[in-house]
Engineer: 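Structure in structure tokens, see below.
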Amino acid sequence: MVSFTQLFTTGLLATSALAIPVAKPITVEVEKRNSTTNTSKRGAAYNDIALVSPLASTGTISWAYTWASSMFGSLPSNVDYVPMLWGARDFGGWVTAVETALSSGSNYILGFNEPDMTSQADMSASEAAGYYQTYITPYSGRAKLISPAVTSSTTSGMGLSWFQEFMSDCSSCGISGLAVHWYGDTADEFQSFVSQAVSTAASYGLSEVWVTEFALSQDAGGVIDAATTSSFLQTVLPWLDAQTNVTRYSYFYCADNYLLTDTTLNQAGQTYTS
Ligand SMILES: *[C@@H]1O[C@H](CO)[C@@H](O)[C@H](O)[C@H]1NC(C)=O
Ligand SMILES: *[C@@H]1O[C@H](CO)[C@@H](O)[C@H](O)[C@H]1NC(C)=O
Ligand SMILES: *[C@@H]1O[C@H](CO)[C@@H](O)[C@H](O)[C@H]1NC(C)=O
């Protein structure tokens with residue numbers, strides 16, 4: 001596809017040729033792949049990129065991420081790739097990888113993965129704010145920036161309370177949206193947590209909430225009972241689609257024993273893609 005620089009240059013030439021006096025603001029629109037025509041919020045969280053094609057086969061998946069800054073292969077052409085800076089372990093290759101992703105059409109960047117968990121990105125809110133400002137904020141003119149993804153823990157200093165501390169330290173980080181994860185037992189509990197995330201985001205003027213991992217707790221290590229999972233998804237997917245401020249979500253996850261069995265959609269996967 002045409003690079004951003006090429007389009008930018010072409011745009012400038014066209015503008016001067018037509019002698020339009022006021023320069024139009026440069027937006028990330030020109031970099032978009034198909035997201036302007038494809039408004040599905042549903043995504044694929046994957047480790048094995050080969051499994052995204054079966055998940056995208058019915059046309060309901062518009063985006064994908066892999067907890068990393070590179071996609072590791074090729075996604076179906078109508079699935080947008082979203083790079084993520086997982087945590088401190090990935091600072092080294094970040095600039096090269098994110099530049100590649102942005103010039104290939106990515107228009108969002110995801111922040112750290114569960115910084116509120118010691119087993120994951122493990123950062124205090126103020127540490128994370130410093131790193132965010134250093135590594136992610138510089139891209140704010142070229143992509144929309146999503147917050148670190150917090151857990152649904154209600155322990156003080158974790159979950160949405162971690163996010164609130166983070167926002168007080170990162171008010172000039174250029175953040176456009178809040179990312180959250182949820183594991184729990186019922187659709188009601190899920191909807192209540194997501195609604196709380198939406199109102200927390202709105203209190204910072206943010207109208208985008210991304211639910212980048214969610215599943216019943218019993219399915220965190222693989223789908224236990226496909227009928228139960230399918231029924232959970234049948235309840236929450238239309239609800240998520242109806243929440244204006246929930247702009248993207250991805251079930252945990254696009255993998256064997258989760259939405260697929262081997263490389264084929266199972267009952268949960270069929271519900272997720274219907
Ligand atoms: C958009 O999607 C179509 C298929 O629906 C594909 O042929 C085309 O290459 C995509 N455009 C870009 C820029 O990826
Ligand atoms: C959305 O993307 C899917 C592929 O993930 C594609 O098959 C479908 O046709 C697209 N929908 C629209 C409205 O472009
Ligand atoms: C959605 O976001 C906008 C902008 O922050 C806010 O005004 C609105 O109240 C939010 N909606 C809900 C349901 O919180």
Side-chain angles (χ1 to χ4, degrees), residues 28 35 39-43 45 62-65 67 80 82-87 98 106-117 120-137 139-140 142-184 189-215 236-237 239-253:
V28 294
S35 38
T39 55
S40 167
K41 305 175 182 187
R42 203 164 299 172
S62 68
W63 70 283
Y65 86 108
W67 294 274
D80 287 349
V82 183
M84 173 190 225
L85 180 53
W86 188 93
V98 77
S106 294
N107 49 20
Y108 281 94
I109 297 173
L110 289 166
F112 317 123
N113 190 66
E114 299 185 355
D116 54 332
M117 293 285 282
Q120 298 291 317
D122 189 21
M123 291 173 187
S124 70
S126 65
E127 232 175 3
Y131 290 141
Y132 201 98
Q133 190 91 49
T134 301
Y135 291 102
I136 303 181
T137 300
Y139 300 103
S140 64
R142 297 169 60 192
K144 283 188 163 185
L145 311 182
I146 305 299
S147 78
V150 295
T151 68
S152 53
S153 171
T154 52
T155 301
S156 174
M158 295 179 72
L160 294 174
S161 91
W162 186 99
F163 171 75
Q164 287 169 316
E165 279 180 53
F166 172 78
M167 286 305 283
S168 66
D169 291 333
C170 223
S171 55
S172 56
C173 288
I175 288 168
S176 290
L178 161 63
V180 294
H181 292 173
W182 178 89
Y183 294 90
E189 199 189 306
F190 175 68
Q191 291 166 349
S192 152
F193 171 71
V194 173
S195 300
Q196 215 185 325
V198 165
S199 62
T200 303
S203 71
Y204 296 95
L206 305 178
S207 57
E208 288 208 52
V209 171
W210 290 36
V211 185
T212 50
E213 284 182 25
F214 70 102
V236 301
L237 298 179
W239 182 82
L240 285 168
D241 290 336
Q243 307 308 302
T244 313
N245 291 11
V246 175
T247 49
R248 279 186 171 176
Y249 59 81
S250 50
Y251 178 79
F252 186 81
Y253 69 128

Engineer: Could you give the distance from CD1 (Ile136) to CD1 (Ile146), rounded to the nearest 0.5 Å?
Structural biologist: 10.5 Å
Engineer: In terms of relative ring orientation, are Trp162 and Phe166 parallel, tilted or perpendicular, with 30° and 60° separating the classes?
Structural biologist: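 Answer is parallel, since the angle falls under 30°.
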Engineer: With distance as the sole test, does Lys144 use its side chain to make a donor-acceptor pair with the main-chain N or O of Asn107 at under 3.5 Å?
Structural biologist: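 No, Lys144 side chain to Asn107 backbone: no donor-acceptor pair under 3.5 Å.
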Engineer: Quiz question: by atom type and distance under 3.5 Å, do the side chains of Glu208 and Thr247 form a donor-acceptor pair?
Structural biologist: yes
Engineer: Does some side-chain heavy atom of Phe214 sit less than 4.5 Å from a side-chain heavy atom of Val194?
Structural biologist: no
Engineer: Supply the atom-to-atom distance Gln191 CD to Gln196 CD, rounded to the nearest 0.5 angstrom.
Structural biologist: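 Here the interatomic distance stands at 13.5 Å.
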Engineer: Side-chain contact, heavy-atom cut-off 4.5 Å: Thr151 with Met117?
Structural biologist: yes
Engineer: Go through the steps for Met167 and Ile175 under the test side-chain contact (heavy atoms from CB on, under 4.5 Å), then give the verdict.
Structural biologist: CA-CA 9 Å; Met167 286 305 283; Ile175 288 168; 4.1 Å; yes
Engineer: Taking the side chain as C-beta and beyond, is there a heavy-atom pair between Trp86 and Gln120 under 4.5 Å?
Structural biologist: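 Touching, per the 4.5 Å side-chain cut-off.
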Engineer: Side chains of Asp169 and Ser126: do they bring a donor and an acceptor to under 3.5 Å?
Structural biologist: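 The criterion, which ignores hydrogens and geometry beyond distance, is not satisfied for Ser126 and Asp169.
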Engineer: Output the distance between atom CH2 (Trp182) and atom OG (Ser192), rounded to the nearest 0.5 Å.
Structural biologist: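 Spacing of CH2 (Trp182) from OG (Ser192) equals 10.0 Å.
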Engineer: If every non-hydrogen atom of Ala125 is compared with every non-hydrogen atom of Glu165, which pair is closest and at what distance?
Structural biologist: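 Minimum heavy-atom separation between Ala125 and Glu165: CB-CB, 3.5 Å.
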Engineer: Using atom types as modelled and distance alone, determine if a side-chain donor or acceptor of Glu127 lies under 3.5 Å from a backbone N or O of Ser124.
Structural biologist: yes
Engineer: Between Leu178 and Ala197, what is the shortest heavy-atom contact and its length?
Structural biologist: CD2-O, 3.4 Å
Engineer: Ignoring hydrogens, what is the shortest heavy-atom contact between Thr155 and Ser161? Give both atom names and the distance.
Structural biologist: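 Of all heavy-atom pairs spanning Thr155 and Ser161, the closest is O-OG, 3.9 Å.
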Engineer: Rounded to the nearest 0.5 Å, how far does CG of Leu240 lie from CZ of Arg42?
Structural biologist: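 So the gap between those two atoms works out to 8.5 Å.
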Engineer: Hey, are Glu213 and Tyr183 close enough side-chain-wise for a donor-acceptor pair under 3.5 Å?
Structural biologist: yes
Engineer: Closest heavy-atom contact between Tyr251 and Ala45?
Structural biologist: O-CB, 4.1 Å
Engineer: Check the pair Ser250, Trp63 against side-chain contact (heavy atoms from CB on, under 4.5 Å), reporting the backbone distance first and the verdict last.
Structural biologist: CA-CA 9 Å; Ser250 50; Trp63 70 283; 3.7 Å; yes
Engineer: May I ask you to test the Glu114-Val150 pair for a side-chain heavy-atom distance under 4.5 Å?
Structural biologist: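 Side-chain contact under 4.5 Å: no.
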Engineer: Would a line drawn from the ring center of Trp67 to the ring center of Tyr253 be shorter than 6.0 Å?
Structural biologist: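 Centroid distance Trp67-Tyr253: below 6.0 Å, so yes.
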Engineer: Please lay out, stage by stage, how Leu85 and Ile109 fare under the test side-chain contact (heavy atoms from CB on, under 4.5 Å).
Structural biologist: CA-CA 8 Å; Leu85 180 53; Ile109 297 173; 5.7 Å; no
Engineer: Could you tell me whether the side chains of His181 and Thr212 share a donor-acceptor contact shorter than 3.5 Å?
Structural biologist: yes
Engineer: Please tell me if the side chains of Ser152 and Glu189 come closer than 4.5 Å, counting only heavy atoms from C-beta onward.
Structural biologist: no
Engineer: How are the rings of Tyr131 and Tyr135 set to each other: parallel, tilted or perpendicular (split at 30° and 60°)?
Structural biologist: tilted
Engineer: Is the closest side-chain heavy-atom distance between Leu160 and Val180 below 4.5 Å?
Structural biologist: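 Result yes, sub-4.5 Å side-chain heavy-atom pair found.
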Engineer: Do you know the tightest heavy-atom contact between Gly111 and Tyr132?
Structural biologist: CA-CE1, 4.1 Å
Engineer: For Lys41 and Trp210, run side-chain contact (heavy atoms from CB on, under 4.5 Å): C-alpha distance rounded to whole Å, both residues' side-chain angles, the deciding distance at 0.1 Å, then the answer.
Structural biologist: CA-CA 9 Å; Lys41 305 175 182 187; Trp210 290 36; over 6 Å; no
Engineer: Whether the Tyr108 and Asp80 side chains hold a donor-acceptor pair (N or O, under 3.5 Å, no angle test) is what I'd like checked.
Structural biologist: no
Engineer: Give the minimum heavy-atom separation between Ser147 and Ala179, together with the two atoms involved.
Structural biologist: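 Heavy atoms of Ser147 and Ala179 come nearest at OG-N, 3.0 Å.
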